[in-house]
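Report on the structure given below.
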Amino acid sequence: MTESDQQYEFSELSGEFVDDDVTVILRIYRPADTNLDWMLEVLDEEGNTTVWDDTFDTDRDAFEEFLATVQRDGIRSFLDEPVHKLH
């Protein structure tokens, strides 16, 4: 199965997130039908992506990391660079 054929399970915590008049799409997901760790990705209004290199044991851990990043760096930190990775 190629990566493009891979199906994903998305966390209930995924979705639109608005702060300081900035909207991003939060995606917390893992390969479907697995117990693998969760991945964290944020898409900005322009379609640019921020992906964490690290994975998370639970979808809640991934969500809390996203919230901590917003609190520490601000929601606009996701708009600074077209494509970047965090760890």
Side-chain angles (χ1 to χ4, degrees):
M1 177 183 298
T2 66
E3 188 172 321
S4 63
D5 293 334
Q6 178 66 56
Q7 299 293 316
Y8 293 98
E9 168 189 4
F10 286 85
S11 165
E12 296 175 352
L13 300 171
S14 295
E16 201 171 83
F17 186 88
V18 180
D19 186 47
D20 194 24
D21 294 325
V22 173
T23 302
V24 297
I25 304 298
L26 177 62
R27 295 178 53 181
I28 301 171
Y29 59 95
R30 66 182 175 187
D33 301 320
T34 71
N35 287 322
L36 296 175
D37 288 346
W38 294 88
M39 294 170 269
L40 176 57
E41 178 179 11
V42 177
L43 288 82
D44 70 15
E45 296 167 332
E46 302 292 320
N48 299 314
T49 303
T50 301
V51 179
W52 275 250
D53 288 331
D54 296 334
T55 57
F56 302 88
D57 291 337
T58 68
D59 58 342
R60 173 65 59 187
D61 289 343
F63 185 69
E64 289 176 3
E65 172 62 24
F66 167 74
L67 292 177
T69 301
V70 170
Q71 184 175 22
R72 181 183 63 243
D73 302 332
I75 190 78
R76 294 184 183 280
S77 66
F78 296 110
L79 308 179
D80 289 342
E81 306 230 355
V83 176
H84 56 284
K85 294 189 175 195
L86 301 175
H87 42 86

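Worth knowing before you read on, the calculation uses all heavy atoms, side chains too, and leaves out hydrogens, waters and symmetry mates.
- Under the 4.5 Å side-chain criterion, counting only non-hydrogen atoms from C-beta, Ser11 is in contact with Trp38.
- The closest donor-acceptor contact from the side chain of Thr55 to the backbone of Met39 lies at 3.5 Å or more, if one exists at all.
- Among pairs with a residue in residues 24-43, those fulfilling salt bridge (Lys or Arg N to Asp or Glu O under 4.0 Å) read Glu9-Arg30, Arg27-Glu41, at least two apart in sequence or across chains.
- Taking the six-membered ring for Trp and the full ring otherwise, Phe66 and Phe78 have centroids separated by under 6.0 Å.
- In the hydrophobic clustering of ILVMFWY residues, with side-chain heavy atoms under 4.5 Å counting as a link, Leu67 and Leu40 come out together.
- Between Ile75 and Asp19, the closest heavy-atom pair is CG2-O, 3.2 Å.
- In this structure a side-chain-to-backbone donor-acceptor pair under 3.5 Å is present from Glu45 to Thr23.
- Residues Asp59 and Leu13 approach most closely at O-CD1, 3.7 Å, considering heavy atoms.
- Rounding to the nearest 0.5 angstrom, the gap separating the CD atom in Glu64 from the CD atom in Gln71 is 11.5 Å.
- Ring planes of Tyr29 and Tyr8: perpendicular class, angle over 60° (limits at 30 and 60°).
- Summarising the geometry, atom OG1 belonging to Thr50 is positioned 11.0 Å from atom CG belonging to Leu26; distances are rounded to the nearest 0.5 Å.
- If you take CD on Glu46 and CG on Leu79, they are separated by 8.5 Å, rounding to the nearest 0.5 Å.
- More than 12 non-hydrogen atoms from other residues, nucleotides or ligands lie less than 6.0 angstrom from CG of Asp20.
- Rounding to the nearest 0.5 Å gives a distance of 7.5 Å between OG1 of Thr49 and CG of Asp44.
- Counting heavy atoms from C-beta outward, Val42 and Trp52 have side chains that approach closer than 4.5 Å.
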